[in-house]
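Shown next, in structure tokens, is the structure this report addresses.
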Number of protein chains: 2
Amino acid sequence: MADVNFKAEDGDDRPVGPGGRLVREPLSERDSPEAPYIELLFFAYRDFISDPDAVLVAYGFGRAHHRVVHFVNRHPGIRVADLLDILKITKQSLGRVLKQLIDGGFIEQVQGPQDRRQRLLYPTEAGRALALRLIAPQERRIGAALDLLSPDERRGAEQFLKQIIDAGERDKVARLIGR
Amino acid sequence: MADVNFKAEDGDDRPVGPGGRLVREPLSERDSPEAPYIELLFFAYRDFISDPDAVLVAYGFGRAHHRVVHFVNRHPGIRVADLLDILKITKQSLGRVLKQLIDGGFIEQVQGPQDRRQRLLYPTEAGRALALRLIAPQERRIGAALDLLSPDERRGAEQFLKQIIDAGERDKVARLIGR
DNA sequence: AAAATATGTCAACATGGCTGACGTAAATTT
DNA sequence: AAATTTACGTCAGCCATGTTGACATATTTT
């Protein structure tokens, strides 16, 4: 408990703690008109991620593995540097999970044909199978959501998400996802 | 490198590793028609989260603190149990960050007036100020995205996110966000 | 020949999840 | 009144995944 403690009903003459007086009013609609969207994004992502999480435990993998498996399957032959740019993590973080996926036989590295310094990443058949298992429940979830929307509304969902992406990243992402 | 290694150009008679043959074809549009939406959600969330992250480092806090500060400010007097249900984490995980926020003077606990076992959570003035600083860049980001959408399209964005939430959670979330 | 690039690796550290066990005060049930 | 349940806190330890910094190697570019 905080050292400044008191009953909830004892009004305005309460002691003032180190952080100032207590605030009893919720963040107003004026302070944060978009709060519902902010929170929807949080809740949607929370549940969206929970589907593949359940699959991953069976393999002893985590979310980091999921991301790598996903993008390697979507872009077979992707360079390590490009994967790092997509995930926005350090090569040390990637290296750890990548090694496990290679050791497990889900991904293989192929020396780049032009530039032999490159290690192009390809899924194995097992890697492809894993990717499909991971994406299946998300397909269902997204598909069911889109089924309820009109064409205009779908466009809205897509545009909204695109505009939330950093301006400097939008073109790259658009190319990546093929839109 | 994987023990099974070879040049990228040497065709179909390649050795078969423990995960099966290499797969060179991208995940097809048929396998995953909603892949663009899946990835948009990933990229949007990635960047959406990066705004408050920058603010948090100045306080020595992380994303876990952000979530707690946010929901306590949106619902002053929230019970610990309800916060756990929103965040879907364990009380041990919450306890750690909550203690730091209380010690730092950003949140205070008040004994429940009816049920004195409860510790109702309130932001201090400092806690409110932090919440406002954290939400400001997200407000701008979301606001700018919504500005580009028609009413129909906005509805689409909102409905899409709502439908991605677990069916059993939707009503609770709707009440929570006031929609 | 020198410099830059693509990648890998070692060591150490921080955050924030988790489980399991146990404790305490207060409310509820019997 | 006693027993049980509930709300919350806490200790200890583990794991996944992010970080920085330094250094190594092979290859390409200058």
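We name chains A, B, ... by the order of the sequence lines, and we start the count at 1 in each one.
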L120(B) CG to dC8(D) C1': how many Å, rounded?
-> 12 Å

Got E158(B) and Y37(A) here, is their nearest side-chain heavy-atom distance under 4.5 Å?
-> yes

Do S28(A) and D31(A) have a side chain donor and acceptor closer than 3.5 Å?
-> yes

Can you tell me how far P of dC10(C) sits from NZ of K99(A), to the nearest Å?
-> 9 Å

Please report, rounded to the nearest Å, how far the P atom of dA6(C) is from the CG atom of L83(A).
-> 15 Å

What does nucleotides 25-30 of chain C look like as a protein-contact string, B for base, S for sugar-phosphate only, - for none, at under 4.0 angstrom between heavy atoms?
-> -BS---

Ring center gap for F42(A) and F48(B) short of 6.0 angstrom | no

Applying ring pair (Phe, Tyr, Trp, His ring centres under 6.0 Å), run through F71(B) and F43(A) and close with a yes or a no.
-> CA-CA 12 Å; F71(B) 285 106; F43(A) 289 113; 5.8 Å; yes

When rounded to the nearest 0.5 Å, the distance separating CZ of R24(B) from OH of Y122(A) is 4.5 Å

How many Å lie between CG on D103(A) and P on dG8(C), as a whole number?
-> 13 Å

Could you state the atom-to-atom distance from CG of D53(A) to P of dG16(C) in whole Å?
-> 18 Å

Between F160(A) and F160(B), is the gap from one ring center to the other below 6.0 Å?
-> no

Roughly, in whole Å, what's the span from CD in Q109(A) to P in dT27(D)?
-> 14 Å

Round to a whole Å and report the spacing from CG of L101(B) to P of dT15(C).
-> 13 Å

Assess the side chains of R117(B) and Q111(B): does a donor N or O sit below 3.5 Å from an acceptor N or O?
-> no

Quick check: are there more than 12 heavy atoms from other residues, nucleotides or ligands sitting under 6.0 Å from NZ of K99(A)?
-> no

The contact string for nucleotides 13-20 of chain D, one letter per nucleotide 5' to 3', using protein heavy atoms under 4.0 Å with B, S and - for base, sugar-phosphate only and none, comes out as ----BBBB

Validation row: Q138(B), E34(A) side chains within 4.5 angstrom (heavy atoms) | no

Nucleotide dG16(C), atom P - distance to CG of L98(B) in whole Å = 13 Å

